[in-house]
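Reviewing the structure listed below.
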Protein chains: 6
Amino acid sequence: MPVVANHKVGQAVSDVIDSRHQALLPDYVWGDGSPKGVRQRAAEEMMATFRVAEKLGAGIVSGFTGSPIWSFVAGYPALKPAQITEAFKQFASQWNPILDVARDTGVRFACEVHPGQMAFDLYSSEVVLDALNGREEFGFTFDPSHLHWQGVDPVEFLRRFPDRIYHVHIKDAVLSLNGRTGVLAGYWPSGDPKRGWQFRSPGRGGIDWEAIIRTLNEIGYEGPLAIDWHDPGMDREFGAAEAFKFVRQLDFDPPTRSPQVFRG
Amino acid sequence: MPVVANHKVGQAVSDVIDSRHQALLPDYVWGDGSPKGVRQRAAEEMMATFRVAEKLGAGIVSGFTGSPIWSFVAGYPALKPAQITEAFKQFASQWNPILDVARDTGVRFACEVHPGQMAFDLYSSEVVLDALNGREEFGFTFDPSHLHWQGVDPVEFLRRFPDRIYHVHIKDAVLSLNGRTGVLAGYWPSGDPKRGWQFRSPGRGGIDWEAIIRTLNEIGYEGPLAIDWHDPGMDREFGAAEAFKFVRQLDFDPPTRSPQVFRG
Amino acid sequence: MPVVANHKVGQAVSDVIDSRHQALLPDYVWGDGSPKGVRQRAAEEMMATFRVAEKLGAGIVSGFTGSPIWSFVAGYPALKPAQITEAFKQFASQWNPILDVARDTGVRFACEVHPGQMAFDLYSSEVVLDALNGREEFGFTFDPSHLHWQGVDPVEFLRRFPDRIYHVHIKDAVLSLNGRTGVLAGYWPSGDPKRGWQFRSPGRGGIDWEAIIRTLNEIGYEGPLAIDWHDPGMDREFGAAEAFKFVRQLDFDPPTRSPQVFRG
Amino acid sequence: MPVVANHKVGQAVSDVIDSRHQALLPDYVWGDGSPKGVRQRAAEEMMATFRVAEKLGAGIVSGFTGSPIWSFVAGYPALKPAQITEAFKQFASQWNPILDVARDTGVRFACEVHPGQMAFDLYSSEVVLDALNGREEFGFTFDPSHLHWQGVDPVEFLRRFPDRIYHVHIKDAVLSLNGRTGVLAGYWPSGDPKRGWQFRSPGRGGIDWEAIIRTLNEIGYEGPLAIDWHDPGMDREFGAAEAFKFVRQLDFDPPTRSPQVFRG
Amino acid sequence: MPVVANHKVGQAVSDVIDSRHQALLPDYVWGDGSPKGVRQRAAEEMMATFRVAEKLGAGIVSGFTGSPIWSFVAGYPALKPAQITEAFKQFASQWNPILDVARDTGVRFACEVHPGQMAFDLYSSEVVLDALNGREEFGFTFDPSHLHWQGVDPVEFLRRFPDRIYHVHIKDAVLSLNGRTGVLAGYWPSGDPKRGWQFRSPGRGGIDWEAIIRTLNEIGYEGPLAIDWHDPGMDREFGAAEAFKFVRQLDFDPPTRSPQVFRG
Amino acid sequence: MPVVANHKVGQAVSDVIDSRHQALLPDYVWGDGSPKGVRQRAAEEMMATFRVAEKLGAGIVSGFTGSPIWSFVAGYPALKPAQITEAFKQFASQWNPILDVARDTGVRFACEVHPGQMAFDLYSSEVVLDALNGREEFGFTFDPSHLHWQGVDPVEFLRRFPDRIYHVHIKDAVLSLNGRTGVLAGYWPSGDPKRGWQFRSPGRGGIDWEAIIRTLNEIGYEGPLAIDWHDPGMDREFGAAEAFKFVRQLDFDPPTRSPQVFRG
């Protein structure tokens, strides 16, 4: 069953809109660029995405959500607790109508856990799920590369949300800390050695894929393993072939018989 | 020689102004809250700060600068290189007039390297220095706690900018990664166990103070070691006494004779 | 409020009785040494212990429980799941009458999580609590030294059972793995360098006391910090004085004001 | 030259017999299940095993020994030194007659170093060898998976007993400590994520096979590398094929010429 | 374009000559073995090497230089700074005439950074380059195996001298510290387990080849990756085939398009 | 009982004599500086040292030995095994007459295990002891700082030579590897940040003093703990006072009762 991705438009639904978003959006969504209008049109476009997905026979839409409070995370000045609570209410009010369409079309939304989104690590994903009352249309696109550099163990994420893993990205990353680089990666583009981490072709970074595939097997994930290839130091054609081979090798069969188990 | 601190107003000079800043600023700086006016009045207030510092006999003003592009760091969508370059030009045009006053008053500015600022790690501090053409009025408030959780070695920072360390904060931090927490610390306030790092009373965190004091001695830093105490798990009175004792113990004398040295 | 300890008799309640237990028990409990009789008399002696504790004004009895299946743990051949379930039923039937006395006397039982007991690590403590239906008379004596060498993080234990920490032992341990030693410590007595871990006077081992005291403060533990001193390489008198000083230094005050908190 | 394995019956020779052993043993060894009789019949069956091995042309019998004091290891209450000494005497008296048959048949016994046995780590293997006066019929089945989780370096084991490695198992294991799991693995069956270690298909765990094969070459081991496959997260057929390939790749040739060596 | 190697004769140019050198040198260079004469003839032979290289169409001569002060490094008594300065002057006066020939022939010298040479780690390579006034004929043969056991990160070396990497050796090494071995490797020949490090067939040691090949790509190195095979525990024929395959796999293509980059 | 130290003269007994030694030696030992004569006079001076020690009531002379083959260690070209064997014979013939005087005076020699000496790590100390047939006059001055940076565990050294620890230096060192520095420390003097390790005032480096003092207690060492203070970043007066206090604190009492022990 195919998966439809629409990250860029989803980003505009809850973001603080600025000039960067114009490059992300089709003209008819950007329109006159007034923030309120952009967010509204982006929401409608996301609803349309679910309807198209249904027609295509896709069970999953994968994408971003944007965040009204991203600049608060790790920044200064901090939001007050009441302001965070308010932001989550706003987020829910923006996404619930879209998720209603998801429910009606029978297509689920796989929100990618990623910096710049409301859900960007394990505990923020818990909050987002709570803010949406755990409605079943909403789950996650699991991409371990975004968790790895934050110090979050991707296996812990899978065990925490075993029934909300709706889509999986195979993307690797490596920490490149040497005392001078930092995990925030500064102003430096992908591949710049001044960054404290880099994306890598799958299997060439720091991620424990062995543990991840075993945990995906344990929680019964049966969707695709989608290669989201990005490696600033490798030729794309070479990398595509290698990554395909890597995923084939990774995806071994779990045992067919369930072990007899003591559950305390 | 005393040091004057004015972090909150400095933050408003280059920030994207929003509702959070009202709580940071005096009424006469906030005014009607229009972003352009706030930034202008904040800049004037910073100039006034340098003039007051001169009258008080203070050689250093320590503070924040704000940043027009903080939400870009580690976020999505990324700025284009040209936009970053433009932001640094804007930053320089906002701060050069203030630094002119600093020069005229003979008081230097010790910008605190801190998340939410233009300079928040080692390489971003290089860029900021370049954007200001390395003018001597501008240096850094070195606070290792903000570097530690980013994976930046505070000793490397000191060795990179030996003649730009204008002020020093003694503040400790500890990583509390356990597979579920992350370094971005999420929406969680200081002390919450869901965070991947915490501030700690000096000497009780993960910072190698031994290496820092030795490097400060080597680069000839002779300013104060200012305790910036914050520890969400300790009583303030207890912590103040302990921190004072810690710094006294830390600040041992370097040798008076220079060793005879081969310099390659 | 004092704490009464009765480890040796508790051990006999659920253990497989053999010749080693004679040295642990008073003659009137050992009696003729027939296993069933020993276990029965040990149970009665534990009931008496609670009644004495009540008279002494002690709120807590700390002790061991023994285990009918200790030799199964890490051994061979493995028990079948049904046999484990059966063992827990037996354990509950042996301890529920004792805990009824605890309830009636208003004294709680703080079972020490320790090798040789039913509860010896985090997950086995969960099972024991379930087997007893979480009755409130039953909680734990937390001794981090027994968790440390097993690879269990004592802080995780505290966070898992915040309202079941009824008593705390201050006891340290250090891993002494060098490629030839092993964590099971073999046949070697305390202090023998052939062991892969050793007990140590508090503060001289590998335990992160800083993290433990902060977590005890967070969960609101207000009972005693009882020094359970054992160090095979240090004179007892010297160690007693040092350990007392260590605990005094460790036990700093948490903040009195609660922070304003966002709970997702 | 083939190897004959008889682990289950060997286990019963020195074990404390209980209900678990019935499932391990043929009816004619279990008989009426009285411990003394079981142990006696198990010993006789082991003697018969050596005689059969001789007829089959096998040079090695691999197996377990059982242990009368396994529950003492890491448990409570501890045995006194005299009781341990006594247990080793008993062990020797149980196995010497079997080893006499081994000697007479020209077949050696490769005792698997494994939890639940008298020899389960490096130093316990030393004691067992001493208890048998180092008789040549007795050596070890080296299986690094059982040493790895105990923190014992398999290479150190090989270097300690270079002429007693009579058989080799290729079996991998991985530590899965996450702060909550522990190395004793609790009551949890293979594959359960509550365990602090797991068996893994060879090459997919934490064992340094590169170092092991080099050391086996150095000590001149020339016997088989027997795959003892166990992996709770992998299909058996898939794993068998992969493991076979892994061992073929692992088993590279050492140099044929001896280097000219200084021996201090 | 081929590379000519002449390590042994180069070693004699600046070394303190003793009996060991006789085995390194052709008879006509050793001559009567008087140190001054040996060094002079070795220098002439190196000049001839460059002239031959030119005729062969080789652009690079790779080799050693020797060192008059090797025994000072890590030894006792230490040289005084003036003596070190003097040694570098002597070194320059010995090599400048040879490098004049290199310049005239258009062939560059790729000095191997290696214990026993003037340049043996990152900072000593800086000094050597300075002593030769950075003349362009002189660069380095980069062999990460010699840096690895010294604790120097090969990637840092490449980033420090991006335009002086004239030749590359693919050679691996592994630390084998176990508490008793040491990094100086004592009197023990290659392969002896008493050493704290060993050479290994490429890909089987501790070197991060992934990071090295990426950095070589970034700095634009386009010369050969020469396998300098040495592995005391592996058959040479087996190793040669494997190493060839390893290098083929390692040498992937970098991207053809340059990313758009912000340079601070 | 006092200890007499004579490191500089001892160094000249077995060293390859060069200009550096003139600064180490009294004029009457240096004489005309001809290597053979210097070595001979140094040997006689060492004999005189033992005779003086006897008169002073000192039981130990601590010192260096020098080494004819130091430049071989970690250097190039390597000695052949026969040459190493020859060097040890020469070493023995130079020191046996001195040790005869030691024997006659009842004063033992505590050779400091140190780079630049024949014995500089654990295994080289074994060889030296063998070369002298283990004569009892010869043992070691144990200084963990020289072992630490080589990767040798000081505790392993103590356990290997429990009855040959004749003197102990309290001196600390810290590794300062940052990717660019290396353990050989290059041409850089003490304190230079280009070095991969530094000496430190005791307790401020990387040495596990806790483990060392316990092992010294276990092996029954009863001699002095001599502070050999060197710290390039600390004032000497400050350091002397601190070091004295550190050693007093370190030197706690072991238990007076021996535990009842099982020795396998």
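Protein chains get the first letters and strands the later ones, always in sequence-line order, with residue 1 at the start of each.
For D/D27, the CG atom is loosely surrounded, since the number of other residues' heavy atoms within 6.0 Å does not exceed 12. Within 6.0 Å of NZ on A/K194 lie more than 12 heavy atoms contributed by other residues, nucleotides or ligands.
A donor atom on one side chain and an acceptor atom on the other are not found under 3.5 Å apart for A/E112 and A/H167.
Counting heavy atoms from C-beta outward, D/T141 and D/Y166 have side chains that stay 4.5 Å or more apart. For the pair D/N178 and A/D153, the minimum side-chain heavy-atom distance is 4.5 Å or more.
D/Y76 meets the ring-ring contact (aromatic ring centres under 6.0 Å, His included) test with C/F64, C/H114; sequence neighbours excluded.
Contact of D/F238 with chain A is made through the side chain alone, with heavy-atom distances under 4.5 Å.
Heavy-atom proximity under 4.5 angstrom to chain D picks out A/Q249, A/F252, A/D253, A/P254 from residues 239-254 of chain A.
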